[in-house]
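Working notes, structure below.
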Amino acid sequence: MTVTYSRRVADARLGTFSHLLLRWKGSIYKLLYRELFIFTVLYYAISILYRFLLDDGQRRLFEKLAIYCDQYAQLIPVSFVLGFYVTLVVSRWWGQFESVPWPDRLAALVGGHVRGADEGARLIRRSLVRYANLSGVLIYRSISTAVYKRFPTMEHLVQAGLMTVEELRQLEELPSPHNKFWVPCMWFVSLALRARTEGRINNDVALTAILNELSTLRSQCMKLYSYDWISLPLVYTQVVTVAVYSFFLACLIGRQFLDPTQGYPGHDLDFYLPVFTLLQFFFYVGWLKVAEQLINPFGEDDDDFETNWLVDRNLQVSLLSVDDMYDLVPVVERDKYWNESEPQPPYTAASAEHRKPSYMGSALDIRQVLHSNTGSYYISLRSHAVISTTESYLLLMQCHMRSQRSWPANAGFRPCPLHTEISLDSLNLLMIFFAILC
């Protein structure tokens with residue numbers, strides 16, 4: 001369900017983002033069109049009431065009410081509370097994505113350290129990664145409506161091949177009222193220890209690496225459980241929602257176009273379409289709808305996480321890693337650049353413009369020119385002669401004074417031609433600049 005448009009914005013060109021405005025799936029229009037339609041209908045209903053159904057006295061009273069609502073609606077801090085709230089929601093949304101458990105590293109360790117080509121070793125490897133995937137599925141089933149609809153009962157997990165009948169019996173007989181996503185992790189630990197005892201895992205270092213990676217995966221599952229359990233404070237969500245909707249309820253009256261003949265300030269023109277009020281509604285309520293969509297990304301919105309895809313992908317990749325690809329290595333042969341010290345993979349015609357020389361540093365090719373009354377001093381930063389800050393200052397002063405014919409040639413400094421190459425840092429150059437100015 002995730003809407004991906006990375007390829008569309010790979011290059012910054014004219015209208016790159018403008019092309020995205022024409023999309024419907026996952027767009028702000030799809031999220032907002034109902035609220036915008038209701039707001040527009042209510043606005044025009046009040047406008048018709050004011051223009052055609054009220055008498056003159058009632059109109060004057062309505063006009064005072066409209067001015068009052070428009071004046072005091074500006075006191076509602078919509079931008080502040082909404083901006084801070086959306087920032088928190090986006091940070092929380094990205095944190096949830098970073099907590100999604102991926103069994104790839106664990107499967108690689110299991111496939112590399114649980115040795116043996118017999119059926120017993122194969123059974124151990126497949127069971128280990130299946131337990132890891134089962135733990136993730138139990139978490140997804142607890143927090144994701146899409147996964148729960150796919151596996152509404154534990155029997156569906158048995159039918160899907162994610163667990164056996166015996167495993168389900170042990171899971172249900174366990175006397176715990178809490179979420180049991182951690183139980184497959186304990187099965188994993190017990191089976192890994194058995195494999196170490198049987199010698200299928202060669203050493204304790206390998207066993208420790210496998211168990212550490214399992215602990216990481218279990219921690220990620222626990223983070224997802226915690227994100228689902230501890231939401232943003234309800235009072236903050238209520239404050240933001242009340243602030244936005246109360247502001248636009250006031251705008252229904254306060255943003256009406258009043259009779260220009262009455263001379264109210266700011267009401268010199270009479271339009272029927274409140275363009276900027278609708279744009280403000282689009283931005284603020286759209287901002288709120290973004291927060292509504294991102295606050296729980298494990299639902300069934302267009303931009304929610306593809307949890308069912310994660311279940312399918314993780315199971316297949318992990319089983320392939322420990323079974324079909326166990327000890328599977330292509331024929332080892334010499335590569336194309338066997339006798340070349342500087343391999344240069346070729347470029348296609350389309351990518352030739354991206355071939356660039358190696359970057360050596362921004363200060364290597366600088367040639368600074370310092371002007372005096374009679375000549376210029378060339379200071380090349382590529383020189384290998386490195387001198388101190390004091391020596392740099394005195395040497396450049398010597399060159400400058402000799403060019404002015406006011407400094408004795410036997411003053412005790414080293415000979416200095418007019419073009420001297422000196423390795424200087426930024427402080428040296430600054431001191432030299434002030435010395436020349438003086």
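Everything numeric here is computed off the predicted structure, so don't read it as measured data.
- Using a 4.0 Å cut-off between charged side-chain N and carboxylate O, Glu35 and Lys289 make a salt bridge.
- Ring geometry, Phe84 versus Phe80: the interplanar angle falls under 30°, so the pair is classed parallel (tilted spans 30 to 60°).
- A salt bridge is absent between Glu213 and Arg218: the closest approach of a Lys/Arg side-chain nitrogen to an acidic carboxylate oxygen does not fall below 4.0 angstrom.
- For the 3.5 Å distance criterion, the side chains of His354 and Ser351 fail to qualify, holding no donor opposite an acceptor.
- Salt bridge status for Asp118 with Arg200: present, with a side-chain N to carboxylate O gap under 4.0 Å.
- Note on Arg51 versus Asp270: salt bridge recorded, some NZ/NE/NH1/NH2 to OD/OE distance being below 4.0 Å.
- Aromatic ring orientation, Tyr68 versus Tyr72: tilted (interplanar angle from 30° to 60°).
- Defined by atom type and a distance below 3.5 Å, a donor-acceptor pair is missing between the side-chain atoms of Gln256 and Tyr50.
- In summary, Asp70 and Arg255 engage in a salt bridge, as defined by a charged side-chain N under 4.0 Å from a carboxylate O.
- Residues Glu119 and Arg122 are not paired through a salt bridge, judged by the lack of any N-O separation under 4.0 Å between the basic side chain and the carboxylate.
- Aromatic rings from Phe37 and Tyr33 are positioned such that their centres are separated by 6.0 Å or more.
- If you look at Phe257 and Tyr272, their ring centroids are not closer than 6.0 Å.
- Within 6.0 Å of atom OH in Tyr337, more than 12 heavy atoms from other residues, nucleotides or ligands are found, so the atom counts as buried in its surroundings.
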**Glu167 vs Tyr131, side-chain hydrogen bond (donor to acceptor under 3.5 Å, both in side chains): CA-CA, chis, key distance, verdict** = CA-CA 10 Å; Glu167 291 166 355; Tyr131 291 156; 3.1 Å; yes
